[in-house]
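Since the structure comes first, as structure tokens, the remarks are kept for the end.
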Number of protein chains: 2
Amino acid sequence: MTGAETGTQAAPRADPAAHDGAPSGHEVLAVVFQIRCDRLSVLLWRRARPPYEGRWVLPGGRLGRAEGLDSSIRRQLAQKVDVRDLAHLEQLETRGDPGRHPQGRILATAYLGLVPADIDPVVPEDTSWHPAGELPEMGFDHAAIVHSGRRRLRAKLSYTNVGFALAPPEFTVSQLSRYYRAALGHDVAATNLRRVLLRRGQIEETGGFVPSGRSGGRPAALFRFRTRRLEITDAFAVLRPPAGG
Amino acid sequence: MTGAETGTQAAPRADPAAHDGAPSGHEVLAVVFQIRCDRLSVLLWRRARPPYEGRWVLPGGRLGRAEGLDSSIRRQLAQKVDVRDLAHLEQLETRGDPGRHPQGRILATAYLGLVPADIDPVVPEDTSWHPAGELPEMGFDHAAIVHSGRRRLRAKLSYTNVGFALAPPEFTVSQLSRYYRAALGHDVAATNLRRVLLRRGQIEETGGFVPSGRSGGRPAALFRFRTRRLEITDAFAVLRPPAGG
DNA sequence: ATCAGTTTTTGCCTGTAAGACAAAAACCGG
DNA sequence: CCGGTTTTTGTCTTACAGGCAAAAACTGAT
């Protein structure tokens, strides 16, 4: 539903609307993840000016005077990627330690964004993807924020259907298991993943098949996520209400 | 460890330190829960001035110019309750819709705080506890924030040991099941709760017993939480790493 | 002292879910 | 048709949650 179906091009362009008047003492940032070449990668941006000139930082920027947080992060991200590529976006945390920013106490509200693996968004010159496992030297407290994002993503893969935001619209089980492996950081048996997600009703067969790869093998069935909006697995409400009520 | 052992007195007093200069356009709020008379209750405060004069609102206030978020919410709460009574405090969410505040776009970072059931903090005149099930008419978007807090608490009771922050240092299983019932909103069988929390290693017997109540009955064993810091139940990392590694 | 009532504790049973493993199915190229 | 490869299905084990009933341990009254 979030427009993740087709490869994209749009991208670098300053948004004229929104963002009125002088900036406030608040910024919004986004940890945007995508699985690229079987590795969890995060979108970073190279600062051209001090402080932290030349360091890599998270996309984002100052919040406009009369801007909402959600609209602001969408506006800021639009300067880096096509926002329609974001299959999921949720608030992560807000940091406000004095000292996190050299120019004084500037609060930052961080978001977690996910881009499906089949998309290759065009990004500006100063922007590129970095494996979350080998982050470059980053400015401010942004490396810590990336780690928060990873933890959140890992947790939610366990008890929600966020997978939909990492996977393309259609996929085979073994492809999906590779996405999960990249995001979770450990092997995920395809045969188990299939049953877990099927039983939870998260995925379903599309009916299509994919001819087996170069070296033969049984053709793989195609699956899709039943919904592309976040749902939590109710089996995870332990201490749940008693049977009769 | 958070000083939850004894009934408390300290409370209303403006904190002279901290909070320098003019307030920023950011406020911190706290949803402080406590189980009182077997009901989940939230600490509210009656506004004496417009906007929303006379309405109930969450404790908190403007963030000082050079103040960190955590220190600010602690400072603000100190004006309502003894902060040492808080057995747990975590960031909840940040809201920034323009329109959430009549005086312009003012961001609010909300926290979730928990006070053990055995404590009866002295609170100022304008402050009191309200059952979370029957909230009074509240100002701003604070009612929505209370609901966020309830959802967060409910979820964390399932997959963490936050119970320690609701229960007194020692308790019987049936007492604990009443706390869980109040917080979760549905019955919790004591016999189940016992086994679940014991197997998870969250609680342990102290060795003490409580003489049965007025009408007889077998004396109940006393339990305590093994740790009073937040820990997530690892059994809840589904899609976990394979056995051999 | 014994008995009825009450509450806690223990034990047993069931259902569900996850994970490991092996066998079967379906395709490729030669 | 055969070996190699990948996916799919099926079986088994383990772990945990939850329901239920019996046993244990106490109180107060007869």
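Chain A is the first sequence line, chain B the second, and so forth, proteins listed ahead of strands; every chain is numbered from 1.
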Distances under 3.5 Å only, N/O to N/O: pair up the protein atoms with those of nucleotides 11-15 of chain C.
| unit_1 | atom_1 | unit_2 | atom_2 | d |
| --- | --- | --- | --- | --- |
| C:dC12 | N4 | B:Arg195 | NH1 | 3.0 |

For A:Leu193 and C:dC21, give me the distance from atom CG to atom C1', rounded to whole Å.
-> 17 Å
Under 3.5 Å, is there a donor-acceptor pair between the B:Asp38 and B:Tyr179 side chains?
-> no
Residues in ring-ring contact (aromatic ring centres under 6.0 Å, His included) with B:Trp129, at least two apart?
-> none
Those residues at least two apart in sequence (or on a different chain) that pass side-chain hydrogen bond (donor to acceptor under 3.5 Å, both in side chains) with B:Arg39 are B:Glu134
Can you tell me the distance, in whole Å, between the OH atom of A:Tyr180 and the P atom of C:dG19?
-> 12 Å
When you measure from the side chain of A:Pro219, which nucleotide among D:dT8, C:dT9, C:dC27 comes out closest?
-> C:dC27
A:Arg194 side chain near D:dT9 phosphate (N/O to OP1/OP2, under 4.0 Å) | yes
Along DNA chain C (nearest heavy atom to each residue), the more 5'-positioned of A:Ala189 and A:Arg218 = A:Ala189
To the nearest Å, give me how far apart CZ (B:Phe223) and P (C:dT8) are.
-> 12 Å
Ignoring the backbone of A:Asn192, work out which of C:dG19, C:dT9, D:dT8 is nearest its side chain.
-> C:dG19
In short, salt bridge (charged side-chain N to carboxylate O under 4.0 Å, His left out) pairs touching residues 189-198 of chain A with sequence neighbours left out are none
Atom CD of B:Gln175 and atom P of C:dT9 are separated, to the nearest Å, by 11 Å
Check residues 170-177 of chain A and write down every donor-acceptor pair under 3.5 Å in which the side-chain atom is one partner and the other belongs to a residue at least two apart or another chain.
| unit_1 | atom_1 | unit_2 | atom_2 | d |
| --- | --- | --- | --- | --- |
| A:Thr172 | OG1 | A:Ser174 | OG | 3.4 |
| A:Thr172 | OG1 | A:Gln175 | N | 3.2 |
| A:Ser177 | OG | A:Ser174 | O | 2.9 |

Under 4.0 Å between a side-chain N or O of B:Ser174 and OP1 or OP2 of C:dT8?
-> yes
Sequence neighbours left out, what passes ring-ring contact (aromatic ring centres under 6.0 Å, His included) with B:Trp45? Give chain and number order.
-> none
Between D:dG18, C:dT9, C:dA18, which one does the side chain of B:Val196 approach most closely?
-> D:dG18
